Asks: 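After the structure tokens below, expect a handful of questions from me.
This is a predicted model, so every value here is computed, not measured. We number each residue from 1, following the sequence as shown.
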Amino acid sequence: MKILVIGGSYFFGRVFVMQAAKEHEITVANRGTYSMEEFGVRQMICDRRDVSVWQACREDYDVIVDFCAYEKGDVAKMLQNLPGNAGQYIFVSTVDVYRRGTGKVKDETAPLEQRALSGDAGAYIAGKVALEQEAAEECAKRGMACTVLRPAILYGPFNYAPREAAYIQRMVQDCILPHIMGAAGRFQFAYIGDAAKAVSRCLGNEKTYGQAYNLCGDEILTYDLFADELKRAADRNGITDGETEIREIAVPWEHAMAQGIPLPFPVTEEETELCSNEKSKRDLGMEYTLLTEGMAKTYRAFRGVYRA
């Protein structure tokens, strides 16, 4: 297949391109933070909000995969100015689009959040909700199939967001594992390799046309389980050639930020929002990587980075 990837050099998109480039002809359009040419793809360094980029893009594609649309208008500007055609548009959204505070496990039919929430998170959610509708409308105008993927919290190699990597860095460099205490929040992860596989299984798949899919593992996590799996991953993979033990330090969640420890996951039960992955299993044949396996791979990858 001939695929246009928008974004694709940072985390989710990077892993997808690394996998898909083995089988498909890929053009990546992004700001060029990281070179992708080593994977045998064509890279267009650009700003997606510069419409002249799309006006000059006259090729046809089987699929467009969009990893970096965040603000209302991002999809419309691109599709309205693209002279070439595409059979399918895959939009990467988030499970955060669902209406919060319902207390229910959300499947893909659950209502989306229409309220204006505060802060950067609120703006992010509002943008993704608006873009899902925008993508559906613009694709319908062009006769293009639209597929929406809603991943939960992504983790894995190449994730340089201050989530699991921040904890692994402390473990590798300081031999300390902060164990967040007293947090009642629950959350779901999706291993990055699984998320990339889900994109591949949507490519040209008519069953996915006009559909949305939650991408999340089977396990419901807490900060206690997160710390346990990090410690287990270190025990299996070593810290400094097995010479040093990692010391767990109990940190009440209320004190974590004052100590420079990120709290990237829900800490209270009120913040807990859970989703169903049954549709992705049924339609895409997804089998989600267990946290023990995924975190071992993640720790091993980042250990090499932080020991360098």
Asks: Can you confirm whether the side chains of Asp224 and Thr222 place a donor and an acceptor under 3.5 Å from each other?
Replies: no
Asks: Would Arg201 and Asp283 pass as an ion pair if we require N to O under 4.0 Å?
Replies: no
Asks: I'd like to know whether Leu215 forms a side-chain contact (heavy atoms from CB on, under 4.5 Å) with Asp194, so could you lay out the CA-CA distance, the side-chain angles of the two residues, the decisive distance to 0.1 Å, and finally the verdict.
Replies: CA-CA 8 Å; Leu215 306 179; Asp194 295 340; over 6 Å; no
Asks: Tell me whether the centres of the aromatic rings in Tyr160 and Phe302 are closer together than 6.0 Å.
Replies: yes
Asks: Please tell me if the side chains of Ile249 and Pro178 come closer than 4.5 Å, counting only heavy atoms from C-beta onward.
Replies: no
Asks: Give the cluster check for Val172 versus Ile246: same hydrophobic cluster or not, with ILVMFWY residues linked at side-chain heavy-atom distances below 4.5 Å.
Replies: yes
Asks: So do Asn30 and Ile6 actually touch side chain to side chain, heavy atoms under 4.5 Å?
Replies: no
Asks: Report yes if the side chains of Glu37 and Val41 come closer than 4.5 Å at any heavy-atom pair, otherwise no.
Replies: no
Asks: What do the steps show when you test Gln43 against Ser35 for side-chain contact (heavy atoms from CB on, under 4.5 Å), and what is the final call?
Replies: CA-CA 8 Å; Gln43 188 166 14; Ser35 173; 4.1 Å; yes
Asks: Filter on ring-ring contact (aromatic ring centres under 6.0 Å, His included), then keep only pairs touching residues 20-56, sequence neighbours left out; what's left?
Replies: none
Asks: Out of curiosity, Ile220 CD1 to Leu291 CG, how far, rounded to the nearest 0.5 Å?
Replies: 12.0 Å
Asks: Should the pair Arg186-Glu269 be classified as a salt bridge under the 4.0 Å nitrogen-to-oxygen rule?
Replies: yes
Asks: Can you check whether Asn277's main-chain N or O pairs, donor with acceptor, with Asn214's side chain at less than 3.5 Å?
Replies: no
Asks: Using a 6.0 Å cut-off, check whether atom CD of Glu254 has over 12 heavy atoms from anything other than its own residue.
Replies: yes
Asks: Ignoring hydrogens, what is the shortest heavy-atom contact between Tyr61 and Ile3? Give both atom names and the distance.
Replies: CD2-C, 3.8 Å
Asks: Once side chain to side chain donor-acceptor pair (under 3.5 Å) is applied, do any residues pair with Arg150, and if so which ones, sequence neighbours excluded?
Replies: Tyr98, Glu132
Asks: Counting N and O atoms only, with roles assigned by atom type, does the side chain of Arg300 sit under 3.5 Å from a partner on the main chain of Ala234, one being a donor and the other an acceptor?
Replies: no
Asks: Not counting sequence neighbours, list each pair that qualifies as a ring-ring contact (aromatic ring centres under 6.0 Å, His included) and has a residue in residues 245-279.
Replies: Phe187-Phe265, Phe189-Phe265, Tyr223-Phe265, Phe226-Phe265
Asks: One pair to check against side-chain contact (heavy atoms from CB on, under 4.5 Å): Gln211 and Glu108. What are the steps and the verdict?
Replies: CA-CA 9 Å; Gln211 300 296 318; Glu108 290 79 358; over 6 Å; no
Asks: Are Ser280 and Tyr288 linked by a side-chain donor-acceptor pair shorter than 3.5 Å?
Replies: yes
Asks: Using the salt bridge (charged side-chain N to carboxylate O under 4.0 Å, His left out) rule, take Glu59 and Arg42 through it: C-alpha gap first, then chi angles, then the decisive distance, then the call.
Replies: CA-CA 13 Å; Glu59 297 182 63; Arg42 177 188 174 207; 2.7 Å; yes
Asks: Take Arg48 and Asp66 through the salt bridge (charged side-chain N to carboxylate O under 4.0 Å, His left out) test and state the conclusion after the steps.
Replies: CA-CA 11 Å; Arg48 73 166 297 149; Asp66 196 341; 2.7 Å; yes
Asks: Looking at Lys2 and Asp60, is there a salt bridge between them, counting it only when a charged N and a carboxylate O are closer than 4.0 Å?
Replies: no
Asks: Residues sharing Tyr209's hydrophobic cluster, by side-chain heavy-atom contacts under 4.5 Å among ILVMFWY, directly or via others?
Replies: none
Asks: Side chains of Asp96 and Tyr124: do they bring a donor and an acceptor to under 3.5 Å?
Replies: no
Asks: Only distances under 3.5 Å count here; give the side-chain donor-acceptor pairs of residues 109-118 to other protein atoms, sequence neighbours excluded, each with its distance to 0.1 Å.
Replies:
| from | atom 1 | to | atom 2 | distance (Å) |
| --- | --- | --- | --- | --- |
| Thr109 | OG1 | Asp107 | OD1 | 2.6 |
| Glu113 | OE1 | Arg100 | N | 3.0 |
| Glu113 | OE1 | Arg115 | NH2 | 2.8 |
| Glu113 | OE2 | Arg115 | N | 3.0 |
| Glu113 | OE2 | Arg115 | NE | 2.7 |
| Arg115 | NH2 | Arg100 | O | 3.1 |

Asks: Is any side-chain heavy atom of Leu274 closer than 4.5 Å to a side-chain heavy atom of Lys106?
Replies: no
Asks: Does a side-chain N-to-carboxylate-O contact under 4.0 Å join Arg49 and Glu71?
Replies: yes
Asks: Taking Tyr167 for the side chain and Pro262 for the main chain, is one N or O donor matched with an acceptor at less than 3.5 Å?
Replies: yes
Asks: Report all side-chain donor-acceptor pairs from residues 77-88 shorter than 3.5 Å, counting only partners two or more places apart or in another chain.
Replies:
| from | atom 1 | to | atom 2 | distance (Å) |
| --- | --- | --- | --- | --- |
| Gln80 | NE2 | Glu138 | OE1 | 3.4 |
| Gln80 | NE2 | Glu138 | OE2 | 3.0 |
| Asn81 | OD1 | Gln55 | NE2 | 2.9 |
| Asn81 | ND2 | Lys77 | O | 2.8 |
| Gln88 | OE1 | Gly204 | N | 2.8 |
| Gln88 | NE2 | Thr147 | OG1 | 3.0 |
| Gln88 | NE2 | Cys202 | O | 3.0 |
| Gln88 | NE2 | Thr208 | OG1 | 3.4 |

Asks: If you define the side chain from C-beta out and look only at heavy atoms, does anything of Val5 sit under 4.5 Å from Thr27?
Replies: no
Asks: Do the charged groups of Asp235 and Lys231 touch, with an N to O distance under 4.0 Å?
Replies: yes
Asks: For a side-chain contact (heavy atoms from CB on, under 4.5 Å) check, start with the C-alpha distance between Leu177 and Arg170, then their side-chain angles and the critical distance, and finish with the verdict.
Replies: CA-CA 7 Å; Leu177 170 58; Arg170 286 175 179 251; over 6 Å; no
Asks: Would you say NZ of Lys279 has more than 12 non-hydrogen atoms from neighbouring residues, nucleotides or ligands within 6.0 angstrom?
Replies: yes
Asks: Any ion pair linking Glu278 and Arg282 (charged N to carboxylate O, less than 4.0 Å)?
Replies: no
Asks: Counting distance only, does the side-chain N/O of Glu134 pair as donor-acceptor with the main-chain N or O of Gly73 below 3.5 Å?
Replies: yes
Asks: With rounding to the nearest 0.5 angstrom, report the CD to CG distance, Glu23 to Leu203.
Replies: 9.5 Å
Asks: Applying ring pair (Phe, Tyr, Trp, His ring centres under 6.0 Å) between Phe67 and each of Phe91, Phe11, Phe12, report the one that passes.
Replies: Phe12
Asks: Should Val65 and Leu149 be regarded as members of a common hydrophobic cluster, given that ILVMFWY residues are connected when their side-chain heavy atoms come within less than 4.5 Å of each other, either directly or indirectly?
Replies: yes
Asks: For the backbone of Phe16 and the side chain of Gln19, can you confirm whether one donor and one acceptor N or O come within less than 3.5 Å of each other?
Replies: no
Asks: Is the backbone N or O of Met1 less than 3.5 Å from a side-chain atom of Glu25, with the two atoms forming a donor-acceptor pair by type?
Replies: no
Asks: Counting only N and O atoms by type, is there a donor-acceptor contact under 3.5 Å from the side chain of Gln188 to the main-chain atoms of Cys275?
Replies: yes
Asks: Is there side-chain contact between Thr292 and Arg236, with heavy atoms separated by less than 4.5 Å?
Replies: yes
Asks: Atom CD1 in Ile64, atom OH in Tyr89: separation rounded to 0.5 Å?
Replies: 7.5 Å
Asks: Do Tyr191 and Thr298 have side-chain heavy atoms sitting under 4.5 Å apart?
Replies: yes
Asks: Spell out, yes or no, whether Val15 and Leu4 are grouped together once hydrophobic residues are joined by side-chain heavy atoms under 4.5 Å, including indirect joins.
Replies: no
Asks: Using a 6.0 Å cut-off, check whether atom NZ of Lys281 has over 12 heavy atoms from anything other than its own residue.
Replies: yes
Asks: Counting C-beta onward and ignoring hydrogens, is there a side-chain heavy-atom pair between Val53 and Asp47 closer than 4.5 Å?
Replies: no
Asks: Apply salt bridge (charged side-chain N to carboxylate O under 4.0 Å, His left out) to Lys128 and Asp74, showing your working.
Replies: CA-CA 10 Å; Lys128 288 294 190 181; Asp74 281 350; over 6 Å; no
